Amino acid sequence: MANATAPIQQLTALPPATGRAGLAGTIGSEFTKLRSVRSTYWTIAALFIVSVGFAAIAGFAIANNLHNNPVNKAGMDATQASLGGFFELGQLIIAVLGALTITSEYSTGMIRTSLTAMPRRGTVYAAKLGVFTAVAFVVSLITSFVAFFVGQAAMSGSGVSASLLHSITIPANGVQNGPPNNVTFNGTIVISPGTVLTAIIGTALFVTAVALIAFGLGAIIRHTAGAITSAIGLMFVIPIIVQLLPDTWRWDIIRFFPDSAGRVLSVTVDQHNPHLWSAWPQFGVTLIYAAVLLGVGAYLFRTRDA
């Protein structure tokens, strides 16, 4: 009786490689990572709620104040009031997301997997940076517009709300004569839609730059708590300490700190601080901080062990 033999399966060769992973594929991978973790959504939600909520509260408070003290209408910057939440807490929240974007992989050890899949570290760093910058700017821009509209809605009827559709005229100076409602206004200030739009976009750019500063610190420190603490120290603590210095030192130093741009970018009524540069040169200082930290972070990302 003949023994039955099992057919021998022929192994086929693997298809030849058609190329290698590049920047486009790495960008897709980094975007998947960013949107697949809950911390991204919680942080974005916190930025939105805090910034828009601040605009609503500030708007209602200003409307009530102007109803009782109409003299305060003179020189009131409604746009800056609506965007104030970004400079109080918003920049801190986005800094947390910036640090988490790069430090979270070090804390979990996933950075080794990422670099195994894409050994070209410069490509990985560029992809992380590009994806995060785009997300941070889009989120900041949308939130800035929503905060502006909510704040202006809360201030509607107060006589000082701004607009993106037409110019607004507000009194330049006011003098109270006796009772609160007996006010004499002198001069006018015209706020154009272009000025308001520039303030909104400038606010989004500033918040994005702060996020990039935190991203750079995260790449350098590679520890979430350390990166967030360093960002808080740079953007909040050190500027407070500088305020304690004598005026002759303080006014010469303050313009060289990255947080100073937040004091001028959202301004639509000319109240320029003589100790600061104008909006875009002052914003350039913030960008220099971001560029230096990102550059150092890129160098260390490529040279240190994962």
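The analysis underlying the following values was restricted to heavy atoms, covering all of them including side chains, and did not include hydrogens, waters or symmetry mates. In this text the structure is predicted, and so the values were computed from the model without any measurement.
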When hydrophobic residues are tied together by side-chain contacts of less than 4.5 Å, even through go-betweens, does [X] share a cluster with [Y]?
X: F301; Y: Y299; value: yes
X: V37; Y: Y106; value: no
X: V50; Y: F236; value: yes
X: I57; Y: I93; value: no
X: Y289; Y: I241; value: yes

Does the side chain of [X] pick up a donor-acceptor pair with the side chain of [Y] at under 3.5 Å?
X: S82; Y: Q152; answer: yes
X: Q243; Y: R250; answer: yes
X: S114; Y: K33; answer: yes
X: T195; Y: S192; answer: yes

- [ ] State, to 0.1 Å, how close A99 and I228 come at their nearest heavy-atom pair, and which atoms those are.
- [x]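 Of all heavy-atom pairs spanning A99 and I228, the closest is CB-CG1, 3.8 Å.
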TODO: Taking all non-hydrogen atoms of both residues into account, name the closest pair between S266 and L83 and its distance.
DONE: CB-CD1, 4.1 Å
Task: Residues E105 and R112 bridged, charged N to O under 4.0 Å - done: no
TODO: Specify whether F206 and F87 have parallel, tilted or perpendicular ring planes, treating 30° as the upper limit for parallel and 60° as the lower limit for perpendicular.
DONE: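 Plane angle between 30° and 60°, so tilted.
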- [ ] Please state whether the rings of F132 and F215 are parallel, tilted or perpendicular, taking 30° and 60° as the class boundaries.
- [x] parallel
Task: Pair W277 + F256: ring centers closer than 6.0 Å - done: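 That pair passes the under 6.0 Å test.
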If I take atom [atom1] from residue [X] and atom [atom2] from residue [Y], how far apart are they, to the nearest 0.5 angstrom?
X: I191; Y: M76; atom1: CD1; atom2: CE; value: 10.5 Å
X: R304; Y: I220; atom1: CZ; atom2: CD1; value: 8.0 Å
X: I94; Y: S140; atom1: CD1; atom2: OG; value: 4.5 Å
X: I49; Y: W42; atom1: CD1; atom2: CH2; value: 8.5 Å
X: M110; Y: L115; atom1: CE; atom2: CG; value: 10.5 Å
X: Q91; Y: L47; atom1: CD; atom2: CG; value: 11.0 Å

- [ ] Would you indicate whether the side-chain heavy atoms of S167 and P193 approach each other to under 4.5 Å?
- [x] yes
- [ ] Side-chain contact test, heavy atoms from C-beta onward, threshold under 4.5 Å: evaluate it for F54 versus L89 and give yes or no.
- [x]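 Of all side-chain heavy-atom pairs linking L89 with F54, none is under 4.5 Å.
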- [ ] Ignoring hydrogens and angles, tell me if any N or O in the side chain of N72 forms a donor-acceptor pair with the backbone of L66 under 3.5 Å.
- [x] no
TODO: Could you tell me whether the side chain of T188 and the main chain of I170 form a donor-acceptor pair under 3.5 Å?
DONE: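 Judged by distance alone, no pair lies under 3.5 Å.
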- [ ] Identify which one of I288, L234, L287, V210 satisfies the side chain to side chain contact (heavy atoms under 4.5 Å, CB included) criterion when paired with P258.
- [x]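 Filter result, single survivor: L234.
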- [ ] Using side chain to side chain contact (heavy atoms under 4.5 Å, CB included) as the criterion, point out the one residue from I213, V237, L293, I221 that pairs with S230.
- [x]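 Going through the options one by one, the only one that passes is I221.
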Task: Hydrophobic cluster of V146, others only, ordered by chain and residue number, side-chain cut-off 4.5 Å - done: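 Direct or chained contacts put V146 with F48, V52, V138, I142, V150.
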Open item on the list: If you count every heavy atom of other residues, nucleotides or ligands that lies below 6.0 Å from F31 atom CZ, does the total exceed 12?
Closed with: no
